[in-house]
Amino acid sequence: KERFEGHQVLRITAKNDAEIGLLKELSKQEDLGLDFWTDPVDQSLPVDIRVPFHSLQGVRAFLGYHEIHYEIMIQDLQDLLDKEQREMMRARVLQ
Amino acid sequence: PRSTDDYDYENYHTLSEINSFMDMLVQENPKLVSKLVIGQSYEGRALNVLKFSTGGTKRPGIWIDTGIHAREWITPASGTWFAKKIVTEYGHDPALTAILDKFDIFLELVTNPDGYEYTHSSNRMWRKTRRINSGSSCIGVDPNRNWGTGYGGAGSSSNPCSETYRGPGAYSEPEVKAIVDFTKSHGNLKAFLTIHSYSQMMLYPYGDTHKPCVDEAELDELALKASTALESLYGTKYTYGSTFNTIYQASGVTTDWAYDEGIKYSYTFELRDDGHYGFVLPADQIIPTAQETWLALMVIMEHTKNNPY
């Protein structure tokens, strides 16, 4: 079962087309293993990216260098998935 | 659970649990609900559709599907709640009763069962089907890029490793082909609602082109009514518009195909999350999500009933 320890989901708010363009470039870097939950399209829409642990430093550096604003939407994805599993198990036991 | 009253609507469930739910619902409501098997998935799982019908022949129909993208767990969870809502409210809610007295409702709860099973067994973040792509180590096709309308356009990928891989050909995915065959053989579907998560949107054709569809004004006005109804319950804000103009160019998508098949009331829903959980919406939000979405579905179904074409 694939695990997602240390994966973070970043919510990025681009403020202009240039930043959208940079995020599109980022999405083409396959070695980073990024999973775009929402795509860079327009400034009006946030861009959510699941970033594997091994790419976090690089992605944050990229965003920082280009002064692109982001927030951490999910701190550790596996924590959330573990919680989801626990809830499913608990519900079954209660049933 | 021994009955659908005992079913835990406030939690996520495995494929087998959802399948058992469907069988129980049919057993408990034999005059209203039946189960159709419209095909088999790539890995051989049954493609089950619940049919809600109060009788009659050649009645017009309303199609609703959930779970076409495997990781969007909130959608089959909501769909399960819709199914129970229909049997509970028929005969009590005058609006729903009037709809079911004229229309059949078809509800496919797990449109991509291979993918859904895979999200439970191996990779919670899986989105696509589980097709083995010859010549590639990457698995799966995006079933929402595999439809014939606009197939192969720029809003999809030819790369099997992409999350928006369109597949080797239009309708290559049995999960898609089964719906196509069913829709064509039925021949009288009047609304086609496909449910995704999570960016709180209601999208109508087209996705493949910026050109407006012929019925854009009506679809836009109806989306406003539906999203207003949805928002009235918990304040969840939706945006709406054509797929192309609201999010991005998406080619070979369900909604475009259904519209070009002549089904005017064709919408994609993107259910809630407001930027906290994405595809991992906590289970305690299943019922509120389903409740608010139901209000929007009712607006569209009533409009479909009141505006024959």
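Just so it is clear: chains get the letters A, B, ... in the order the sequence lines come, proteins before strands, and each one is counted from 1. Just so it is clear, the model here is predicted, and its values are computed rather than measured.
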R130(B)/D114(B) salt bridge by N-O under 4.0 Å criterion: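 Salt bridge between D114(B) and R130(B), a charged N being under 4.0 Å from a carboxylate O: no.
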H120(B) and W73(B) aromatic ring geometry - parallel, tilted or perpendicular at 30°/60° bounds: parallel
Whether Y267(B) and Y204(B) hold their rings parallel, tilted or perpendicular, with breakpoints at 30° and 60°: perpendicular
Is [X] in contact with chain A via its backbone, its side chain, both, or neither, using a 4.5 Å heavy-atom distance?
X       : result
D8(B)   : both
Y198(B) : side chain
Q249(B) : neither
R71(B)  : side chain
T239(B) : neither

Heavy-atom distances under 4.5 Å only: say whether [X] touches chain B with side chain, backbone, both or neither.
X      : value
E71(A) : neither
R3(A)  : neither
E87(A) : both
L94(A) : neither
R90(A) : neither

For chain A, which candidate among [options] shows the most heavy-atom pairs at distances under 4.5 Å?
options                          : answer
R124(B), H13(B), E10(B), E163(B) : R124(B)
G278(B), A283(B), G275(B)        : G275(B)
C161(B), S121(B), S199(B)        : S121(B)

Interatomic spacing from NZ in K28(A) to CG in L23(A) - rounded to 0.5 Å: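 The CG atom of L23(A) is 11.5 Å from NZ of K28(A), to the nearest 0.5 Å.
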Nearest-0.5 Å distance, CD1 of residue I132(B) to OG of residue S137(B): 11.5 Å
Neighbour count above 12 (heavy atom, 6.0 Å) for H66(A) NE2: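 Yes, the 6.0 Å shell around NE2 holds more than 12 heavy atoms from other groups.
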CD (Q27(B)) with more than 12 external heavy atoms under 6.0 Å: no
Interface residue of largest heavy-atom contact number with chain B, from E2(A), R50(A), M73(A), under 4.5 Å: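 Among the listed options, the one with the most contacts to chain B is M73(A).
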Between T38(A), D35(A), L77(A), the one whose heavy-atom pairs under 4.5 Å with chain B are most numerous: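 Looking at each of T38(A), D35(A), L77(A) in turn, D35(A) comes out on top.
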Considering all heavy atoms, the nearest L281(B)-R272(B) contact: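 Shortest heavy-atom separation between L281(B) and R272(B) comes out as CD2-O, 3.8 Å.
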is_close_aromatic(Y118(B), Y116(B)), centroid dist under 6.0 Å: no
Flag side-chain contact, heavy atom, 4.5 Å: D208(B) against T149(B): no
